[in-house]
Structures are given as C-alpha cells and as structure tokens.
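Okay, so here's the structure we're looking at.
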2 protein chains.
Amino acid sequence: MSLTHEFQEDFSSRGAMDNVLSIGGAKGARHAASAIVREAQPDVLAAGNLGVTLSLSRNKTLFEEGEKADYSYRVISGAVRLCKLLPDGRRQISDFCLPGDTFGFIAEESYTLTAEAVEDTVLVRYSRQTVGEACKSFPATSERVLAEVLRELSSAKSHLIMLGRQTARERIASFLLMVLDRQPADKYCDTRVYLPMGRQDIADYLGLTIETVSRAISELRRSGIVRALSTREILIRDVDALSEISSGCA
Amino acid sequence: MSLTHEFQEDFSSRGAMDNVLSIGGAKGARHAASAIVREAQPDVLAAGNLGVTLSLSRNKTLFEEGEKADYSYRVISGAVRLCKLLPDGRRQISDFCLPGDTFGFIAEESYTLTAEAVEDTVLVRYSRQTVGEACKSFPATSERVLAEVLRELSSAKSHLIMLGRQTARERIASFLLMVLDRQPADKYCDTRVYLPMGRQDIADYLGLTIETVSRAISELRRSGIVRALSTREILIRDVDALSEISSGCA
DNA sequence: CGAAAGGTTGATGTTGATCAAATAAAGTGG
DNA sequence: CCACTTTATTTGATCAACATCAACCTTTCG
C-alpha cells in the first residue's frame with residue numbers, strides 16, 4: 001500500500017508560508033491553494049515517517065471528549081466529525097475533517113471534543129510529543145501547525161454566525177456551498193456536491209433537526225436551485241442563487 | 001504613565017509551557033492559571049518594547065472585516081468585541097476580549113471580523129511583521145502565540161454548542177458563568193459579575209434578541225438564582241443552580 | 001424477500017422573534 | 001443640580017420559524 005506516499009504528496013502540496021502571520025493566497029477554496037504555493041522550508045512532519053497510518057470504519061469513535069490527548073491526526077481519505085455532547089444527548093458537530101485536514105491540536109490535557117468516522121476513513125496519527133519536538137526544531141513545522149489551527153479558528157467563527165444569526169434555509173445554502181468549496185478540485189464537476197455525511201450529521205452541524213434539513217433541501221429542489229441525484233449527491237443548478245440565499249440577500 | 005509596566009506584568013504573569021501541545025494546568029479560570037505557572041523561556045513579546053500602547057473610546061472601531069491586517073493586539077484594560085456582520089445588519093459577536101487577551105492573529109491577508117471597543121479600552125498593538133520575526137527567533141514566543149490561538153479555538157467550539165443546541169435560559173446561565181470565570185480574581189467577590197457590555201452585545205453574542213436576554217435574566221431574578229445590583233452588575237446567589245441550568249440538567 | 005436504517009412529508013405545538021409601549025438610566029445644556 | 005433629551009432596558013401581546021410527533025416512503029443489506 002502506498003498510503004505513506006499518498007500522505008506525503010498530500011501534505012507537501014499544501015501551502016506553507018514564509019511568515020506565519022501573513023500568509024498570502026489562503027483565501028477561497030482550500031484546494032485552490034494547493035496548486036499555487038509550494039513548500040519552501042523543511043517540514044519534518046511532511047517529510048518524515050513520524051506518523052502511523054491507521055484506518056477507522058464508519059461510525060467508530062477515534063477519541064472521546066475528556067480522554068487523555070496523546071495524539072493528533074491527519075485525514076488521508078474518508079471523513080471525520082468532531083462533536084460535543086450535552087448530558088441529555090444533544091449534539092453539536094463543530095467540524096467535518098476531510099482529506100488533508102488535521103485535527104487534535106489542543107492546549108488542554110484532554111480532548112475537548114469527540115472524534116468519529118463519518119465513513120470508512122484512513123488517518124495518520126502523530127504523537128503529541130513528536131509534534132511538539134518537531135515544532136521546536138523546525139520553524140516550518142511550527143508555522144504549519146499554527147496555520148492549520150488558524151484555519152480551523154476562522155472556520156469556527158464563520159460557523160458561529162451561521163448558528164447564531166442565519167435561518168434554516170440560509171444555513172443549508174451555506175453548507176452546500178461550503179462542501180462544494182472543500183470538494184477536491186479534480187473529483188466531480190464543479191457543481192456536483194457529494195455529501196459524505198447523513199442528514200442527522202448535517203442537522204447536528206447546522207443546529208437544526210433532521211426534518212428541517214430535509215424540508216429545506218426539498219424546498220431548494222422545488223425552486224429549481226438544486227437537483228438531487230441521490231440522497232448524498234446534489235447537483236447545484238444555480239450557484240449564484242445559492243450564494244444569495246446564503247448571504248441573506250434573498 | 002506606567003502602562004508599559006502594567007503590560008509587562010500582565011504578560012509575564014500568564015503561563016508559558018515547555019511543550020506547545022501539552023500545556024498543563026490550563027483548565028478552568030483563565031486567571032487561575034496566572035498564579036501557578038511562571039515564564040520559563042525568553043519571550044520577546046513579553047519582555048521587549050515591541051508594542052505600541054493606544055487607547056480607544058467606547059464603541060469606536062479598531063478595525064473592520066476586510067481591512068488589511070497589519071497588526072495584532074493585546075487588551076490592557078477595558079473590553080473589545082469581535083464580530084461579523086451580515087449584509088442586512090444581523091450581527092454575531094464571536095468573542096469578548098478582556099484584559100490579558102490577545103486578538104488579531106490570523107492566516108489571511110485581511111481581517112475576517114470587526115473589532116470594536118465595548119467600553120473605553122487601552123491596548124498594545126504589535127505589527128504583524130514584528131510578531132512573525134519574534135516567532136521565528138524565539139520558540140517561546142511562537143508557543144505563546146499558538147497557545148493563545150488554541151485557547152480561542154477551544155472557546156469558539158464551546159460557543160458553537162451554545163448557539164446550536166442550547167435554549168435561551170441555558171445560554172444566559174452559561175454566559176453569566178463564563179463572565180464570572182473570566183473575572184479578574186481580585187476584583188469583586190467571587191459571586192459578583194460585572195458585565196462590561198450592554199444587553200444588545202449579550203444578545204449578539206448569544207444569538208438571541210435583546211428582549212429574550214432581558215426576559216431570561218428577569219426570570220433568573222424571579223426564581224432567586226441571581227440578584228441585579230444594577231443593570232451591569234449581577235450577584236449570583238446560587239452558582240450550582242446556574243451550573244445545572246447551563247448544562248441542561250435543569 | 002424481508003428487516004432495518006435512513007429520509008421525506010404532514011399536522012400540531014413551543015420557543016423565541018417581532019411589534020409596541022412603558023420605565024429606567026445616562027447624558028446635556030442651562 | 002435640575003429639566004429635558006436620548007439611549008438602554010424591561011415588560012406585554014402577538015406571530016412565525018422551527019421542533020416535535022407521527023406516518024409513510026426509499027434505500028441498503030443480510
């Protein structure tokens with residue numbers, strides 16, 4: 001298996017920066033950046049065999065909130081959901097990690113959220129100690145980690161306005177555009193969205209119920225803005241209309 | 001003016017860590033950590049005169065979303081709100097920055113949110129370039145920055161479940177406990193909360209309307225869990241009850 | 001083929017938003 | 001310091017969006 005190879009390719013294709021706090025060209029689609037910027041400084045995480053590859057089948061838990069945090073991870077294929085649970089079972093998904101994304105960098109002793117596989121998933125695992133040492137010795141690695149965390153932070157803040165101030169219709173529109181934007185550039189045509197997660201996951205990401213998600217998608221379908229190729233595959237027929245809805249203009 | 005002095009004291013009193021990705025004792029109250037851990041490695045940002053002190057009066061804008069991001073900031077006194085706006089004026093506050101907090105570390109070219117003074121505020125400003133250079137030369141500075149960003153990320157993720165899955169009553173309870181927790185240890189007694197922000201700011205932080213915030217606080221007052229000393233000063237009479245409400249157990 | 005899981009649609013209920021008015025607090029100029 | 005204006009907060013009445021409850025349909029898989 002050339003998983004290690006695949007991983008390296010993926011990692012080194014993502015942009016590094018000459019200054020952590022002024023990264024250029026990081027806007028727009030995550031994958032759009034890949035082609036533009038190239039590795040400039042040595043990054044042991046990217047180059048070395050510091051990580052261990054592992055796979056996780058659908059709905060299996062990788063780690064739970066409160067568990068001692070010894071590792072961070074990078075998604076190779078599949079998808080992982082990060083979520084928090086309330087005592088009574090209410091769930092909020094804070095992020096879907098897709099191929100190329102890293103997660104599990106935290107300041108606390110223990111994980112502050114739970115990580116589960118949305119579908120069958122392959123990951124690379126790094127021990128916290130290894131990452132810490134690599135960060136000390138290699139500024140490029142340290143910058144890479146910071147950049148990843150900053151990206152996650154920026155995404156969380158967009159998520160906040162969605163949950164706090166957008167209607168169900170607007171959240172669905174934003175969600176579809178987000179998944180479209182994060183879709184690997186090569187895969188599918190540029191208006192076809194593959195959703196690795198089920199309706200309950202979407203609901204828990206958007207702070208809605210499964211029924212409301214279903215109804216909102218049906219409504220977009222009825223108004224001709226999207227077409228459902230299957231439950232998990234949606235063709236966006238009018239991206240502009242969707243953008244207008246997502247920004248509250250429509 | 002001994003503002004620079006005040007700043008140094010504040011900065012060096014916050015915990016550093018021997019390994020970025022395994023910081024111990026960072027749980028609980030932010031200010032609780034201050035007394036425990038002490039600076040171990042040189043951190044130029046803490047030691048040097050790299051920042052410029054400036055003040056900002058109530059409701060003035062420090063920077064706006066989309067503006068070129070040349071600086072990051074640290075709050076000395078007062079409070080800053082970070083928010084996003086939708087085209088039609090809806091607003092979501094993602095964070096209140098209190099004395100000791102830093103903000104403005106981002107991966108993008110431009111700020112992704114707007115920063116405004118909640119009340120008259122004193123800040124220290126660092127140029128992005130300076131911070132970037134300091135990060136390269138001093139691992140301790142780099143670690144400090146990462147730790148700050150990780151703290152912000154963790155806070156954003158807690159905020160998400162609040163907006164996505166908690167009721168108005170639960171959000172208010174969580175909010176009061178959060179402000180209580182972040183209150184400087186010395187100031188006031190440990191059940192007295194001073195709110196630097198008005199009701200509209202609270203509403204925009206919690207994803208509610210001003211009326212709902214007001215009603216929820218009144219209800220807590222009627223049930224004897226809190227007492228209002230003034231609009232902006234609230235005495236918590238039953239912290240446990242408030243905790244139970246915030247975690248959805250009540 | 002039949003069971004189980006996932007998704008859609010409909011009827012009804014509840015929480016929080018909206019609209020409206022009263023009250024309280026904070027400024028402002030005399 | 002007071003009358004007056006402006007702004008912030010509270011309270012009440014009504015409404016709408018989304019949740020809940022329930023049934024039906026569709027897909028998946030043994």
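Reminder, nothing fancy here: chain letters follow the sequence lines and each chain counts from 1.
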B:Leu195 atom CG is separated from C:dA25 atom P, nearest whole Å, by 15 Å

Sequence-distant partners of B:Arg165, salt bridge (charged side-chain N to carboxylate O under 4.0 Å, His left out), two or more places apart:
A:Asp204

Please name all residues satisfying ring pair (Phe, Tyr, Trp, His ring centres under 6.0 Å) with A:Phe175, sequence neighbours left out, ordered by chain then number.
A:Tyr205

Rounded distance in Å - CZ (A:Arg90) to C1' (D:dT20):
15 Å

Tell me, please, whether B:Tyr73 has B:Arg125 positioned over its six-membered ring: NZ or CZ under 6.0 Å from the ring centre and within 45 degrees of its axis?
no

Donor-acceptor pair, distance only, cut-off 3.5 Å: does the side chain of A:Ser174 make one with the backbone of A:Glu170?
yes

At 4.0 Å (heavy atoms only), tell me whether A:Ser218 reaches a base, stays on the sugar-phosphate, or touches nothing.
sugar-phosphate

Closest contact, heavy atoms only, B:Ile245 versus B:Ala173:
CG2-CB, 3.7 Å

I need the CG-C1' distance between A:Asp201 and C:dA5, as an integer number of Å.
14 Å

Verdict with supporting geometry, A:Thr53 and A:Val122, side-chain contact (heavy atoms from CB on, under 4.5 Å)
CA-CA 7 Å; A:Thr53 300; A:Val122 178; 3.8 Å; yes

Which pairs with one or both residues in residues 215-247 of chain A pass ring-ring contact (aromatic ring centres under 6.0 Å, His included), sequence neighbours excluded?
none

So if I apply the side chain to side chain donor-acceptor pair (under 3.5 Å) rule between B:Lys157 and each of A:Gln92, A:His159, A:Glu152, which one comes out positive?
A:Glu152

Could you note down all residue pairs passing side chain to side chain donor-acceptor pair (under 3.5 Å) where residues 234-247 of chain B supplies at least one of them, sequence neighbours left out?
none

For A:Glu219 and C:dT9, what is the distance between atoms CD and C1' respectively, to the nearest whole Å?
14 Å

With sequence neighbours excluded, residues passing salt bridge (charged side-chain N to carboxylate O under 4.0 Å, His left out) with B:Asp120
none

In whole angstrom, what separates B:Arg58's CZ from C:dG27's C1'?
10 Å

Can you name the residues that form a ring pair (Phe, Tyr, Trp, His ring centres under 6.0 Å) with B:Tyr111, not counting sequence neighbours?
B:Phe63

With salt bridge (Lys or Arg N to Asp or Glu O under 4.0 Å) as the test, would you mind laying out the steps for B:Glu233 and B:Arg192 before giving the verdict?
CA-CA 7 Å; B:Glu233 200 146 11; B:Arg192 204 168 186 172; 3.6 Å; yes

Take atom CD of A:Glu170 and atom P of C:dA17, then tell me their distance rounded to the nearest Å.
15 Å

Compute the angle between the rotation axes at the two ends of the helix from C:dC1-D:dG30 to C:dG30-D:dC1, each taken over five pairs, rounded to 10 degrees.
50°

Find the distance B:Glu119:CD to C:dG27:P and express it as a whole number of Å.
12 Å

Under-3.5 Å N/O pairs linking protein and nucleotides 14-16 of chain C:
residue : atom : partner  : partner atom : Å
C:dG16  : OP1  : B:Ala168 : N            : 2.8

Pairs: protein N or O with nucleotides 21-27 of chain D N or O, under 3.5 Å:
residue : atom : partner  : partner atom : Å
D:dC21  : N4   : A:Glu211 : OE2          : 3.0

Any residue meeting salt bridge (charged side-chain N to carboxylate O under 4.0 Å, His left out) with A:Glu65, in chain and number order, not counting sequence neighbours:
A:Lys84

If you restrict it to nitrogen or oxygen atoms, what contacts under 3.5 Å exist between nucleotides 4-6 of chain D and the protein, and what is each distance?
none

Rounded to whole Å, the CD-C1' distance (A:Glu233 to C:dG6) equals 17 Å

Under the salt bridge (charged side-chain N to carboxylate O under 4.0 Å, His left out) test, residues paired with B:Glu67 that sit two or more places apart:
none

